[in-house]
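Computed from heavy atoms alone, side chains included, the values below leave out hydrogens, waters and symmetry copies.
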Amino acid sequence: MASATTQVHLAPSAGFCVKSSAQNTVSVPTKDPAVPITIPAGLKIFVNIAWDANVPPPPDGSDAAIERAMADNTPVEADQALQWFVPVIVSEPRFDTDKAGKPSAVFDCVFNSSLKSRALRSAEFKTFLIELAFQRIEAQYSLLLSRQIGTPNIASKGKLKPRTVLVPTTLLQRSSASSTASTSSSKPLIEELPASASLPAAPPKGILKKGVTSSPSTSTSSATPAAPSAPHAAVPGLSWSRTPEGRLRIALSVPRLTRVNIPSTTLDIEPRRLIFASGPPAPSSAGYALDLDLSASDADILALFARVSDTQDGEKGSGHAALLLKRERALDVDGARAEWRVAEGLLVVYA
């Protein structure tokens, strides 16, 4: 009996692109069975690795299993003995041309957004995902791909378009039960600057984590992981302004945090969302957490800042500033940078 499936809408965000070549000639069926696509041996193949929060994540406890698979150099999509797997959604191939104008084929491989931060900080895990994507393409289309790969300096080959796919319902149910753990392995993403450092005319290079779930036109609060928050975590105060270059400068007031909190701090920027979380500065005190969805209603945004307790602007100032920010352009995810000005008690985001 066929497994139950559910339609899921994806709006993938680009991760990185890998270049390979076809090792055999295959005829690939399409939505129109009468018009298959023929991929000849030797054709250049581009594989876009992309992210979307609506792709089911690996089940709970899969981190250790993935580490073992990486150590064994046997990255497979499913390991029934260990009861874990890394879901990936593979598109149909489409034809394009390379920068020299020669024909090529493109596949999109979309993973859950929670895997992005780990791929960014671990070259081994990035290689693991590439191999996983290659294996899934090979299994799905009987196409053999060369492991002599290149990494073009592009986020994706062609535009990643929204699409609707069928996902096994059991995966979605498992994902829903464990969604609160999706940000537990985030990398420390903020750089500290001394208080004496003057505000630069252009934002300095940072290590800001970029948006993980959605395209600029489709960011929603239900399709992205919530900020991990400690019990009784405080909401930081917020103010913002424009730099002379026209960038948005968003300042979060975090006066209780010090440099020892940097390893436990995460920051996520999306086109219409800012997620920040930091552990407590001491066991007896609370940390900070903010999940500001700029597509939410005015009432919801004001309610979010009703819990602000330690800002200079106070509740009205932060809430009002957030409402004005909501009416600005989308945040610049690709160009975003952050500074942690510890002595001033500020986290400054340029977007």
Look up atom NZ in K326 and atom CG in D298, then write down how far apart they are to the nearest 0.5 Å. 4.0 Å
Is the closest side-chain heavy-atom distance between V88 and V86 below 4.5 Å? no
Check whether any side-chain heavy atom of R163 lies under 4.5 Å from a side-chain heavy atom of S91, and answer yes or no. yes
Evaluate side chain to side chain contact (heavy atoms under 4.5 Å, CB included) for V165 paired with V110, printing each intermediate quantity in order. CA-CA 11 Å; V165 299; V110 189; over 6 Å; no
Stepwise side chain to side chain contact (heavy atoms under 4.5 Å, CB included) test for I269 and L274: CA-CA 5 Å; I269 294 290; L274 187 151; 3.8 Å; yes
Shortest non-hydrogen contact from W51 toward L129: CH2-CD1, 3.8 Å
What's the shortest heavy-atom distance between V90 and C109, and which atoms? CG2-SG, 4.0 Å
Answer whether the closest heavy-atom distance between the side chains of L43 and F95 falls below 4.5 Å. yes
For A351 and R329, the nearest pair of non-hydrogen atoms, with its separation, is O-NH1, 3.0 Å
Does N48 use its side chain to pair, donor to acceptor, with the backbone of A50 at less than 3.5 Å? no
V28 side chain near L143 side chain, heavy-atom distance below 4.5 Å: no
Test your reading of the model: is there a side-chain donor-acceptor pair from K44 to the backbone of T97, 3.5 Å cut-off? no
Report the C-alpha separation of Y350 and T243 in whole Å, then their side-chain angles, then the decisive distance to 0.1 Å, and conclude whether the side chain to side chain contact (heavy atoms under 4.5 Å, CB included) test is met. CA-CA 9 Å; Y350 295 91; T243 69; 4.0 Å; yes
Starting from F134, can I reach F46 by hopping between I/L/V/M/F/W/Y residues whose side chains sit under 4.5 Å apart? no
Salt bridge (charged side-chain N to carboxylate O under 4.0 Å, His left out): pairs with one or both residues in residues 139-152, sequence neighbours excluded: E131-R147, E138-R147
Would R247 and E245 satisfy salt bridge (charged side-chain N to carboxylate O under 4.0 Å, His left out), going step by step from the backbone distance to the final call? CA-CA 6 Å; R247 297 175 63 79; E245 295 77 24; over 6 Å; no
For a side chain to side chain contact (heavy atoms under 4.5 Å, CB included) check, start with the C-alpha distance between I130 and V47, then their side-chain angles and the critical distance, and finish with the verdict. CA-CA 9 Å; I130 293 171; V47 178; over 6 Å; no
Is it true that D98 and K19 have a side-chain N and a carboxylate O under 4.0 angstrom from each other? no
Any side-chain heavy atom of I275 within less than 4.5 Å of one from E270? yes
Look up atom CG in L290 and atom CG in L347, then write down how far apart they are to the nearest 0.5 Å. 10.0 Å
Rounded at 0.5 Å granularity, tell me how far CZ in F305 sits from CG in L238. 4.5 Å
Taking only residues two or more places apart in sequence, or in another chain, which ones meet F107 in a ring-ring contact (aromatic ring centres under 6.0 Å, His included)? Y141
For the side chain of R272 and the backbone of L294, is there at least one donor-acceptor N/O pair under 3.5 Å apart? yes
S20 side chain vs S146 backbone, donor-acceptor pair below 3.5 Å: yes
Can you hop from L323 to L331 via hydrophobic side chains spaced under 4.5 Å? yes
W240 side chain reached by V349 side chain, heavy atoms, under 4.5 Å: no
Within the distance-only criterion (no hydrogens, no angle test), does the side chain of S113 pair as donor or acceptor with the backbone N or O of A53 below 3.5 angstrom? yes
Between CD1 on residue I301 and CG on residue D293, distance to nearest 0.5 Å: 7.0 Å
When clusters are formed by joining ILVMFWY residues with side-chain heavy atoms under 4.5 Å apart, either directly or through shared neighbours, do I49 and L145 land in the same one? yes
Path from L252 to V342 over hydrophobic side-chain contacts below 4.5 Å: yes
Does V8 reach the side chain of P56, with side-chain heavy atoms less than 4.5 Å apart? no
Rounded to the nearest 0.5 Å, how far does OG1 of T164 lie from CG of L10? 7.5 Å
For a 4.5 angstrom cut-off between non-hydrogen side-chain atoms, does N24 reach I39? no
Can you give me the closest heavy-atom contact between A22 and I45, atom names plus distance? N-CG1, 3.7 Å
Starting at NZ of K126, measure out to CG of L120 and round the result to the nearest 0.5 Å. 8.0 Å
Which atom pair, heavy atoms only, marks the closest approach of L160 to S13? CD1-C, 3.9 Å
State plainly whether one hydrophobic cluster holds both I149 and I154, where clusters connect Ile, Leu, Val, Met, Phe, Trp and Tyr through side-chain heavy atoms under 4.5 angstrom apart. no
Closest approach of G42 to S21 (non-hydrogen atoms, all atoms of both residues): O-CB, 4.4 Å
